[in-house]
Amino acid sequence: MTWLVGWHSRIGRAGLRLLALHLLWIIWTLRGGIVLGVFPATAAVYAVIRRGILTPEHGVRVRLRTHFGTTWRIEFAAANRLGYLLVIPWVILVINRRLVAVVDFGAPGPVLAGLLTVLGVVLFAVSVNVWILAAHFDEGALAMLCRALTLIPARPAIAALTILTAAVVLAGYYLVPGLIIVFGLTLPAALTSQYLWSTGLLRPPATPVPTRPAPTVGPAARTSTAGAAAAS
């Protein structure tokens, strides 16, 4: 029973920290006027998760706000470049999907639809992984997209399970829409990052080392100290 209560407590604390992170994502997205704020806020979410600041330790709320705001400012230009480079293929893919659905291409129609579906899965995999990689590597937007794209053929099982993890969360959001309001981006970001760390492909955040209190001076120590002073 004790372990069950402990698990409930840990899950509850993790949920509250993810909620706080989601609120920061909303605030800083609005601060950038949505258009220029959403991608730096997204980069800041993954950076916070990468640094392990969601761990339940003293002062976590202050450090969470401070680190989020600092990362948002530092990654403002780079995150917007990465985000809008990612938006371009999505826009092209959506437009082509609409054309295939509306225009009769004859026999090649089903082939084109299948090809667009495959490209959509690949683009979804890149979108899921690129922000995790961007939190671990200090490279340009194009390099990050190439790295995320290379991950798919290089580690197909890992890439598949990563997008499956994100897809399960999105399915949960579809079944319980209220979860989107509570967790938003933070839940799939945390779960996919945790999975990639578990594979050993990326280095997990360092576990904070608890500070030890200064040792108290006992009677024996005080006696020896006094004796040493007298001898001198």
Side-chain angles (χ1 to χ4, degrees), residues 7-8 10-30 32 34-35 37-50 54 68 79 82-102 109-110 112-135 145 148-149 151-152 155-199:
W7 269 105
H8 278 84
R10 284 192 290 271
I11 292 173
R13 288 194 297 268
L16 288 175
R17 292 192 296 274
L18 289 176
L19 172 61
L21 185 58
H22 177 52
L23 292 176
L24 286 173
W25 182 85
I26 294 175
I27 292 170
W28 286 88
T29 296
L30 295 175
I34 299 178
V35 176
V38 60
F39 296 123
T42 300
V45 166
Y46 282 91
V48 166
I49 294 173
R50 169 69 184 91
L54 291 181
F68 195 101
L82 176 60
Y84 283 106
L85 278 176
L86 196 59
V87 165
I88 293 172
W90 275 113
V91 171
I92 295 174
L93 181 65
V94 170
I95 292 175
N96 280 278
R97 288 287 298 182
R98 291 295 182 90
L99 287 175
V100 171
V102 174
L112 291 174
L115 178 60
L116 290 175
T117 300
V118 173
L119 291 176
V121 173
V122 172
L123 190 53
F124 180 67
V126 171
S127 302
V128 169
N129 290 298
V130 70
W131 295 104
I132 306 175
L133 297 174
L145 290 174
L149 188 61
L151 177 65
I152 299 173
R155 298 288 191 275
I158 293 177
L161 288 175
T162 304
I163 64 175
L164 179 61
T165 302
V168 169
V169 176
L170 294 179
Y173 284 172
Y174 177 78
L175 296 175
V176 187
L179 292 176
I180 304 177
I181 302 174
V182 178
F183 297 120
L185 173 71
T186 60
L187 183 57
L191 292 180
T192 51
S193 298
Q194 187 65 45
Y195 169 70
L196 279 181
W197 296 333
S198 68
T199 64

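Quick note: residue numbers are just sequence positions, from 1.
Minimum heavy-atom separation, Leu18 to Ala190: CD2-CB, 4.1 Å. Across all their heavy atoms, Phe68 and Leu24 have their closest contact at CE2-O, 3.6 Å. The shortest heavy-atom contact between Ser193 and Tyr46 is OG-CD2, 3.9 Å. A pairwise comparison of heavy atoms in Gly15 and Phe183 identifies O-CE2, 3.6 Å as the closest pair. Nearest heavy atom pair, residue Leu116 against residue Arg97, reads CB-CD, 3.6 Å. Taking every heavy atom of both residues into account, Gly109 and Val100 meet most closely at O-CG1, 4.0 Å.
With rounding to the nearest 0.5 angstrom, the CD1 atom of Ile180 is 11.0 Å from the CG atom of Leu187. Taking CZ of Arg155 as the reference point, atom OG1 of Thr199 lies at 8.5 Å (rounded to 0.5 Å). With values rounded to the nearest 0.5 angstrom, Leu145 atom CG is found 9.5 Å from Leu123 atom CG. Put simply, CD1 on Ile49 and OG1 on Thr186 are 7.0 Å apart, with the number rounded to the nearest 0.5 Å. To the nearest 0.5 Å, atom CG of residue Leu19 and atom NE2 of residue His22 are 7.5 Å apart. Going from atom CG of Leu133 over to atom CG of Leu151 covers 6.5 Å, rounded to the nearest 0.5 Å.
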Which atom pairs, one a donor and one an acceptor, fall under 3.5 Å between side chains of residues 158-175 and the rest of the protein, sequence neighbours left out?
{"unit_1": "Thr162", "atom_1": "OG1", "unit_2": "Ile158", "atom_2": "O", "d": "2.7"}
{"unit_1": "Thr165", "atom_1": "OG1", "unit_2": "Leu161", "atom_2": "O", "d": "2.8"}
{"unit_1": "Tyr173", "atom_1": "OH", "unit_2": "Gly184", "atom_2": "O", "d": "2.7"}

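With hydrogens and angles disregarded, a donor-acceptor distance shorter than 3.5 Å links the side chain of Thr192 to the backbone of Ala189.
At a threshold of 4.5 Å between non-hydrogen side-chain atoms, the residues Leu149 and Val130 do not count as touching.
Judged purely by distance below 3.5 Å, without hydrogens or angles, the side chains of Thr42 and Trp131 never pair a donor atom with an acceptor atom.
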